[in-house]
Peer 1: 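Quick one: this structure, given as C-alpha cells, is what I'll be asking you about.
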Amino acid sequence: PAPTPTPTQTPGPTPSPTEPEQYTKLGDGFCRTASGARGTFTLVTVANLEGCQAACSAQPRCVGVEFRAGTCELHTERLARVSNRPGVVCFAKVAATRTTSPPPATSPPQIRFVAEISEGSCSDIGGLPINDVDLCQRAAAVLGVPDRTASMTNAVSRPEGCYVFRGFSLFMGVNPQSRGNGAETSTPGRSRHPICGFTS
C-alpha cells in the first residue's frame, strides 16, 4: 500500500492571509520609526508575507516586518508609520494581551494578630503598619484601647499608619512622608505607639 502522506502544517484556509491575528498593518510603504528613520532590521529571503511574519514571530526581539517581492525586513525598533511606496507593506507585531495584564497584587496581606509597640517601627519586629482605618479600629478594640474611632493626622513626624497617642487616643498617620516612621516618644507624656499587624 502507498504510504500515508504526512499532514501539512496548514490548519485550514485563511480568509485574510495578509493580516494574521498577531500583526497589524501600518500601511503600504516602507516601515519607519517615530522619528522617520529606517530603524534596525535584518534582511531575510522568503516566498511570501506569511513567511516573513513567521520569521518575525520566531524572534522575540522582532517588533514588525516590511515585505516586498520576496524580500523581508525583520525590524527590532518600534515602528510608528510608513513611507508610502507601491508594492511594499509594513506590519507591526501586536503584543499578546494575555501577558500584559498580570493578576492584581494590590490586595492587603492577611493580618492574623496585632500588637502595640512602645519603641522602634513595625518592620523592626517583622510586623506591618496598619494603614486601613477599619482594621485600625478593630485592632484598637482587640487591644483594649479606650478610643475606638481613629482620627486622621497629616503631620510628618508621626508613626506610619495606626497608632495610640498618650495611651488612649487612636490616630492614623496618613502623610506619605511618614512612611517607615515608628514609635515617637521624644516628648515626655506625649507618647505615640504604633499598632502593628502580623501575618503569621
Peer 1: For the pair E66 (side chain) and F30 (backbone), establish whether a donor and an acceptor sit closer than 3.5 Å, ignoring hydrogens and angles.
Peer 2: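 No; judged by distance alone, with no hydrogens or angles, the pair does not exist.
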Peer 1: Which heavy-atom pair separates V156 from S178 by the least distance, and what is that distance?
Peer 2: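 Heavy-atom minimum between the residues: O-OG, 2.8 Å.
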Peer 1: Evaluate the side-chain proximity of L74 to V65: yes if any heavy-atom separation is below 4.5 Å, no if none is.
Peer 2: yes
Peer 1: Closest approach of A150 and Q137, non-hydrogen atoms and distance?
Peer 2: N-OE1, 3.0 Å
Peer 1: Does E184 come within less than 4.0 Å of R190, counting only side-chain N to carboxylate O?
Peer 2: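 A salt bridge is absent here (no side-chain N lies under 4.0 Å from a carboxylate O).
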Peer 1: As an exercise, state the distance from CD1 of I111 to CG of D132, rounded to the nearest 0.5 Å.
Peer 2: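 The distance works out to 9.5 Å.
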Peer 1: Do the non-hydrogen side-chain atoms of F67 and V46 ever get within less than 4.5 Å of each other?
Peer 2: yes
Peer 1: Which distance, rounded to the nearest 0.5 Å, do you find between the CZ of R192 and the OG of S157?
Peer 2: 6.5 Å
Peer 1: Do I195 and L170 come close enough that some side-chain heavy atom pair is under 4.5 Å?
Peer 2: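 A side-chain contact under 4.5 Å exists here.
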Peer 1: Between L128 and L135, is there a shared hydrophobic cluster once you connect ILVMFWY residues whose side-chain heavy atoms come closer than 4.5 Å?
Peer 2: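 As far as the 4.5 Å side-chain criterion goes, L135 and L128 are connected within one cluster.
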Peer 1: Considering all heavy atoms of both residues, which atom of G161 and which atom of N131 are nearest to each other, and what is their separation?
Peer 2: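 Where G161 meets N131 most closely, the heavy atoms are CA-OD1, 3.3 Å.
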Peer 1: Should M172 and V145 be counted in the same cluster of Ile, Leu, Val, Met, Phe, Trp and Tyr side chains packed under 4.5 Å apart?
Peer 2: no
Peer 1: Would you say the side-chain atoms of R112 pair up with the backbone N or O of T199, donor to acceptor, closer than 3.5 Å?
Peer 2: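 Confirmed, R112 side chain pairs with T199 backbone.
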Peer 1: So does N181 get a backbone contact from the side chain of E160, meaning a donor-acceptor N/O pair under 3.5 Å?
Peer 2: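 Such a contact is absent between E160 side chain and N181 backbone.
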Peer 1: Nearest heavy-atom pair of D28 and V89: which atoms, and what distance?
Peer 2: OD1-CG1, 3.3 Å
Peer 1: Using every non-hydrogen atom in the two residues, find where R38 and H75 come nearest and quote the distance to one decimal.
Peer 2: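 That closest heavy-atom pairing would be O-CE1, 3.1 Å.
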Peer 1: Would the distance check show the side chain of R32 and the main-chain N or O of A80 forming a donor-acceptor pair, the cut-off being under 3.5 Å?
Peer 2: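 No.
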Peer 1: With rounding to the nearest 0.5 Å, note down the distance linking OG in S121 to CZ in R179.
Peer 2: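 It is 13.0 Å, given to the nearest 0.5 Å.
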Peer 1: Between SG of C90 and CZ of R81, what distance do you get to the nearest 0.5 Å?
Peer 2: 11.5 Å
Peer 1: Please check if L143 and F198 belong to a single hydrophobic cluster, counting links between Ile, Leu, Val, Met, Phe, Trp and Tyr side chain heavy atoms closer than 4.5 Å.
Peer 2: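 No, L143 and F198 fall in different hydrophobic clusters.
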Peer 1: Provide the closest heavy-atom pair for N175 versus A155 in the form atom of the first, atom of the second, distance.
Peer 2: CB-O, 3.8 Å
Peer 1: Return yes when atom CZ of R148 has more than 12 non-hydrogen atoms of other residues, nucleotides or ligands closer than 6.0 Å, and no otherwise.
Peer 2: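 More than 12 within 6.0 Å, yes.
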Peer 1: Quick one: are V133 and M152 in side-chain contact, heavy atoms under 4.5 Å?
Peer 2: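 Result yes, sub-4.5 Å side-chain heavy-atom pair found.
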Peer 1: Could you state whether L79 and F41 fall into the same hydrophobic cluster, counting links through intermediate Ile, Leu, Val, Met, Phe, Trp or Tyr residues with side-chain heavy atoms under 4.5 angstrom apart?
Peer 2: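 Looking at the clustering, F41 is in a separate group from L79.
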Peer 1: Take the angle between the ring planes of F91 and Y23 and call it parallel below 30°, perpendicular above 60°, tilted in between.
Peer 2: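 Perpendicular: the ring planes of F91 and Y23 meet at over 60°.
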Peer 1: Nearest 0.5 Å please: distance from the CZ atom of R61 over to the CD atom of E77.
Peer 2: 9.5 Å
Peer 1: Within the distance-only criterion (no hydrogens, no angle test), does the side chain of D147 pair as donor or acceptor with the backbone N or O of S169 below 3.5 angstrom?
Peer 2: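 Flag not set: sc D147 to bb S169 has no pair under 3.5 Å.
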Peer 1: Looking at side-chain heavy atoms only, is the closest gap between C62 and K93 below 4.5 Å?
Peer 2: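 Counting from C-beta outward, C62 and K93 do come under 4.5 Å.
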Peer 1: So does E119 have more than 12 non-hydrogen atoms from other groups sitting under 6.0 Å from CD?
Peer 2: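 No - once you tally the heavy atoms of other residues, nucleotides and ligands closer than 6.0 Å, there are 12 at most.
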